[in-house]
Chemist: 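Before I ask anything, here is the structure I am working with.
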Amino acid sequence: MQQHPPLFRTLVEAVVAEIPRGRVMTYGQIAAICGSPAAARIVGGIAHFGNPDLPWQRVVNKHGGVATGYPGGKIGQKNALVSEGIKVTKDFTVDLEELLWNPS
DNA sequence: CGAGTGACCGCAA
DNA sequence: ATTGCGGCCACTC
């Protein structure tokens, strides 16, 4: 019963918060779910200015590669993903065919 | 309110 | 294969 239209940022954070452990999602897919398939960059921006408690490490790009601006760099994100049981290649990429999470 | 920015995406050389 | 450029749209200052 939102009298005001939900902010994009709120939707993105909600989706990211629903990503189960051991799964990943792409920026473009999250943006599309939130209603703006071309706002993939915005998702990244929200990741930087949004709620730091959310599992942003589970968010990867369309190539399955980890983000560049993650705190600690790609190493930090890869470390966080591996800590959750997600296999990350030495090329800092994850297998989207196996780990991509598709919300209902 | 206006301008700049970006943890992206896709294509061209 | 790698590198560079533009577009796209919401967020921050």
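Lettering of chains follows the sequences in order, A, B, ..., and the numbering in each one begins at 1.
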Chemist: Return the minimal non-hydrogen interatomic distance between Y70(A) and A80(A), and the atom names on each side.
Modeler: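 In this case the closest contact between Y70(A) and A80(A) is OH-CB, 4.1 Å.
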
Chemist: Identify the heavy atoms of A67(A) and K74(A) that sit nearest to each other, and give their distance.
Modeler: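 In terms of heavy atoms, the two residues are closest at O-CG, 3.3 Å.
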
Chemist: State yes or no: do V60(A) and I75(A) share one hydrophobic cluster built from I, L, V, M, F, W and Y residues joined by side-chain heavy-atom distances below 4.5 Å, directly or via other members?
Modeler: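 Result: yes, single cluster for both.
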
Chemist: Looking at Q77(A) and Q57(A), would you say the former's side chain and the latter's main chain have a donor-acceptor pair under 3.5 Å?
Modeler: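 Yes, the answer is positive, given that a donor and an acceptor are paired below the 3.5 Å cut-off.
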
Chemist: So what does Y70(A) hit on the nucleic acid, given a heavy-atom distance under 4.0 Å: a base, only sugar-phosphate, or nothing?
Modeler: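 If one applies the 4.0 Å heavy-atom cut-off, Y70(A) turns out to touch a base.
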
Chemist: Could you give the distance from NZ (K78(A)) to NZ (K90(A)), rounded to the nearest 0.5 Å?
Modeler: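 The NZ atom of K90(A) is 10.0 Å from NZ of K78(A), to the nearest 0.5 Å.
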
Chemist: If you take any heavy atom closer than 4.0 Å to DNA chain C, which residues from residues 84-91 of chain A end up in contact?
Modeler: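 Residues of residues 84-91 of chain A under 4.0 Å from DNA chain C: none.
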
Chemist: When the distance from CH2 of W56(A) to P of dA7(B) is rounded to whole Å, what number comes out?
Modeler: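 Distance check: W56(A) CH2 to dA7(B) P gives 13 Å.
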
Chemist: Using modelled atom types and a 3.5 Å cut-off, is there a donor and acceptor pairing between side-chain atoms of E13(A) and backbone atoms of N51(A)?
Modeler: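 Answer holds: yes.
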
Chemist: Locate the shortest heavy-atom distance separating L99(A) from V94(A); write the atom from each residue and the value.
Modeler: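 Shortest heavy-atom contact: CD1-CB, 4.3 Å.
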
Chemist: Ignoring hydrogens, what is the shortest heavy-atom contact between A40(A) and A31(A)? Give both atom names and the distance.
Modeler: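 Smallest heavy-atom distance, with atoms named: N-CB, 3.6 Å.
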
Chemist: Could you tell me which non-hydrogen atom of N61(A) sits nearest to which non-hydrogen atom of G65(A), and how far apart they are?
Modeler: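 Looking at all heavy atoms of both residues, the closest pair is OD1-N, 2.7 Å.
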
Chemist: Protein-nucleotides 10-13 of chain B N/O pairs closer than 3.5 Å?
Modeler:
none

Chemist: With R58(A), which residues qualify under salt bridge (charged side-chain N to carboxylate O under 4.0 Å, His left out), at least two apart?
Modeler: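 So R58(A) forms a salt bridge (charged side-chain N to carboxylate O under 4.0 Å, His left out) with E84(A).
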
Chemist: In whole angstroms, how far is the P atom of dC8(B) from the CZ atom of F49(A)?
Modeler: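 In whole Å, dC8(B) P and F49(A) CZ are 14 Å from each other.
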
Chemist: Between R9(A) and R41(A), name the one whose nearest nucleotide on DNA chain C is closer to the 5' end.
Modeler: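 The answer here is R41(A).
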
Chemist: Counting only side-chain heavy atoms from C-beta out, which of dG7(C), dA7(B), dT12(C) sits nearest to Y27(A)?
Modeler: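 Of all the options, the side chain of Y27(A) is nearest to dA7(B).
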
Chemist: Let's see if you can work this out: which of dC13(C), dA7(B), dC9(B) has an atom nearest to the side-chain heavy atoms of A67(A)?
Modeler: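 Among the listed nucleotides, the one closest to the side chain of A67(A) is dA7(B).
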
Chemist: Could you give the CD1-to-P distance, from I46(A) to dC8(C), as a whole number of Å?
Modeler: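 My rounded result for the distance is 19 Å.
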
Chemist: Under the 3.5 angstrom rule, does the side chain of D91(A) hit a backbone N or O of T93(A) as a donor-acceptor pair?
Modeler: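 Checking the backbone N and O of T93(A) against the side chain of D91(A), no donor-acceptor pair under 3.5 Å is found.
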
Chemist: Please list, by residue number, the residues of residues 28-40 of chain A whose heavy atoms come closer than 4.0 Å to an atom of DNA chain C; answer none if no residue qualifies.
Modeler: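 S36(A), A38(A) - these, ordered by number, are the residues of the stretch whose heavy atoms sit under 4.0 Å from the strand.
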
Chemist: Measure from CZ on F8(A) to P on dC9(C) and round the result to the nearest Å.
Modeler: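 It works out to 11 Å between those atoms.
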
Chemist: Closest approach of A17(A) and P55(A), non-hydrogen atoms and distance?
Modeler: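 Answer, listing the atom of A17(A) first, then P55(A): CA-CD, 4.2 Å.
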
Chemist: Out of dC9(B), dC9(C), dA7(B), which nucleotide sits closest to the side chain of I42(A)?
Modeler: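 Minimum distance to the I42(A) side chain belongs to dC9(C).
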
Chemist: Taking the side chain as everything from C-beta on, heavy atoms only, tell me whether N102(A) gets closer than 4.5 Å to Q29(A).
Modeler: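 A side-chain contact under 4.5 Å exists here.
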
Chemist: Taking only nitrogen or oxygen atoms into account, show me every contact under 3.5 Å that the protein makes with nucleotides 2-5 of chain B, one pair per line with its distance.
Modeler:
none

Chemist: Members other than V15(A) in its cluster, when Ile, Leu, Val, Met, Phe, Trp, Tyr link by side-chain heavy atoms under 4.5 Å?
Modeler: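 Grouped by the 4.5 Å side-chain rule, F8(A), V12(A), V16(A), I19(A), M25(A), Y27(A), I30(A), I33(A), I42(A), V43(A), I46(A), L54(A), W56(A), V59(A), W101(A) form the rest of the cluster around V15(A).
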
